[in-house]
> 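To start, I am sharing the structure in question, which I have written as structure tokens.
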Amino acid sequence: MSLSIGTKAPAFSLPATDGREIRLDDLKGRKVVLYFYPKDNTSGCTLEAQNFQALRKDFAAADTEIVGVSPDSLKSHDKFRAKYGLDFALASDEARTMLEAYGVWTQKSMFGHKYMGVERTTVLIDREGNVARVWNKVKVPGHAEEVLEAAKALE
């Protein structure tokens, strides 16, 4: 399933770091960046998290919540956050329910071997809970800055 601009973002409720439960309904009224990434502590995922962290205050000034989502466990997320000083929520979708609802749990291929995994994707959700923008097959360099500009432009 691919997300369409202007449609309701799929509802979700996931356990997150700091003992939080992240629910889309609870974020209504704020803009939300959901960035889906394959795995904690890998080079691309670490750089992406660090880039969002570096712009954390700018996202907050734009009234935009950042939530990272992967199939990793909360224990893994907690270690990842502590290691890199991340102060935004990381949600765990070990059952892959949300990942599938957002269309980011896909067949991938490496060296001819096919497997299922997370396609690096970012979704910007507006204050009413609608999909405002989608970035598929994200390339990390410059991505967080592009998302910030889109969030600032969205009112």
Side-chain angles (χ1 to χ4, degrees), residues 1-3 7-60 62-110 113-127 129-140 143-144 146-148 150-151:
M1 175 198 154
S2 65
L3 299 174
T7 61
K8 277 280 182 222
F12 63 86
S13 179
L14 291 174
T17 47
D18 292 338
R20 293 174 61 187
E21 185 81 14
I22 301 265
R23 295 171 12 101
L24 184 59
D25 288 348
D26 293 341
L27 298 171
K28 205 169 230 177
R30 297 194 70 202
K31 296 175 273 185
V32 180
V33 170
L34 294 177
Y35 83 91
F36 299 93
Y37 66 100
K39 188 155 183 58
D40 292 338
N41 292 304
T42 57
S43 59
C45 297
T46 298
L47 182 59
E48 186 175 26
Q50 289 173 318
N51 290 347
F52 276 112
Q53 180 63 41
L55 297 173
R56 178 77 170 88
K57 289 181 181 167
D58 296 309
F59 277 102
D63 195 30
T64 305
E65 180 97 18
I66 301 168
V67 180
V69 183
S70 88
D72 289 322
S73 69
L74 283 179
K75 184 176 179 181
S76 175
H77 282 345
D78 285 336
K79 289 179 183 177
F80 185 52
R81 281 184 80 212
K83 185 174 182 179
Y84 295 103
L86 307 177
D87 70 352
F88 53 83
L90 297 179
S92 174
D93 188 11
E94 291 183 271
R96 301 182 299 276
T97 308
M98 179 197 185
L99 298 173
E100 290 174 2
Y102 277 77
V104 301
W105 185 254
T106 63
Q107 186 176 58
K108 299 169 88 174
S109 179
M110 185 183 296
H113 172 71
K114 294 189 184 306
Y115 63 97
M116 295 300 289
V118 175
E119 181 179 291
R120 192 180 307 279
T121 304
T122 301
V123 178
L124 177 61
I125 300 172
D126 69 18
R127 295 178 192 280
N130 297 314
V131 176
R133 181 99 186 259
V134 179
W135 292 264
N136 293 304
K137 297 183 181 178
V138 166
K139 301 292 182 223
V140 173
H143 177 64
E146 185 180 347
V147 175
L148 176 61

> Scan for salt bridge (Lys or Arg N to Asp or Glu O under 4.0 Å) pairs involving residues 83-97, sequence neighbours excluded, and state none if there are none.
R56-D87
> Looking at D72 and K39, is there a salt bridge between them, counting it only when a charged N and a carboxylate O are closer than 4.0 Å?
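A salt bridge is present here (some side-chain N lies under 4.0 Å from a carboxylate O).
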> Heavy atoms, side chains only, cut-off 4.5 Å: are N51 and E48 in contact?
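A side-chain contact is absent here, since even the closest heavy-atom pair is not under 4.5 Å.
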> Give the intermediate values and the outcome of side-chain contact (heavy atoms from CB on, under 4.5 Å) for residues F12 and T97.
CA-CA 9 Å; F12 63 86; T97 308; over 6 Å; no
> Could you report the tightest heavy-atom contact between Y115 and H113, atom names first, then the distance?
CD2-O, 3.7 Å
> Could you walk me through whether K114 and K108 pass the side-chain contact (heavy atoms from CB on, under 4.5 Å) check?
CA-CA 6 Å; K114 294 189 184 306; K108 299 169 88 174; over 6 Å; no
> Inspect the surroundings of NZ in K79 and state if more than 12 heavy atoms from other residues, nucleotides or ligands are less than 6.0 Å away.
no
> Shortest non-hydrogen contact from I125 to A9?
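Taking I125 first and A9 second, the nearest heavy atoms are CD1-CB, 3.7 Å.
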> If you define the side chain from C-beta out and look only at heavy atoms, does anything of V118 sit under 4.5 Å from S70?
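The answer is no, as the side chains (C-beta and beyond) never meet within the 4.5 Å cut-off.
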> Taking all non-hydrogen atoms of both residues, which atom of G85 and which atom of Q53 are closest, and how far apart?
O-CD, 3.6 Å
> The test is side-chain contact (heavy atoms from CB on, under 4.5 Å); show your working for F88 and V67 and say whether it passes.
CA-CA 6 Å; F88 53 83; V67 180; over 6 Å; no
> Once you round to the nearest 0.5 Å, how far does CG of L74 lie from CG of D18?
10.0 Å
> Can you check whether R120 reaches C45 side chain to side chain, under 4.5 Å on heavy atoms?
yes
> How far does CG of N130 sit from CG of L3, to the nearest 0.5 angstrom?
11.5 Å
> So Y102 and F36, would you call those rings parallel, tilted or perpendicular, with 30° and 60° as cut-offs?
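If you compare the ring of Y102 with that of F36, the planes turn out tilted.
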> Taking all non-hydrogen atoms of both residues, which atom of V33 and which atom of T122 are closest, and how far apart?
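Closest approach of V33 to T122: CG1-CG2, 3.7 Å.
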> Which heavy atom in R127 sits nearest to a heavy atom in K28, and how many Å separate them?
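The pair with the smallest heavy-atom distance is O-CG, 3.5 Å.
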> H77 side chain to A91 main-chain N or O, any donor-acceptor pair under 3.5 Å?
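The answer is yes, because a donor-acceptor pair under 3.5 Å joins these two groups.
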> Hey, does P10 have a side-chain heavy atom less than 4.5 Å from the side chain of M98?
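M98 does not reach P10 side chain to side chain.
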> Classify the angle between the aromatic ring planes of Y35 and F52 as parallel (below 30°), tilted (30 to 60°) or perpendicular (above 60°).
parallel
> Return yes if some donor-acceptor pair links the side-chain N/O of T46 with the main-chain N/O of T42 below 3.5 Å, else return no.
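Present.
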> Measure the spacing between CZ of R81 and CG of L86 and express it to the nearest 0.5 Å.
7.0 Å
> Distance from E100 atom CD to T106 atom OG1, nearest 0.5 Å?
11.0 Å
> I want to check something: taking the side chain as every heavy atom from C-beta on, are V140 and Y37 in contact at a cut-off of under 4.5 Å?
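They are not in side-chain contact.
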> Within the 4.5 Å heavy-atom criterion, are L27 and I22 side-chain neighbours or not?
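Yes, close enough: below the 4.5 Å cut-off.
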> Does any part of the side chain of F80, heavy atoms only, come nearer than 4.5 Å to the side chain of T17, both counted from C-beta?
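The answer is no; the side chains never approach within 4.5 Å.
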> State whether the side chain of R20 and the backbone N or O of L90 hold a donor-acceptor pair below 3.5 Å, judged by distance alone.
no
> Taking all atoms of both residues into account, what is the closest heavy-atom pair of D40 and S76, and its distance?
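Looking at all heavy atoms of both residues, the shortest contact is OD2-OG, 2.7 Å.
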> Do the side chains of D26 and E21 get nearer than 4.5 Å, heavy atoms only?
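Answer no - side chains too far apart.
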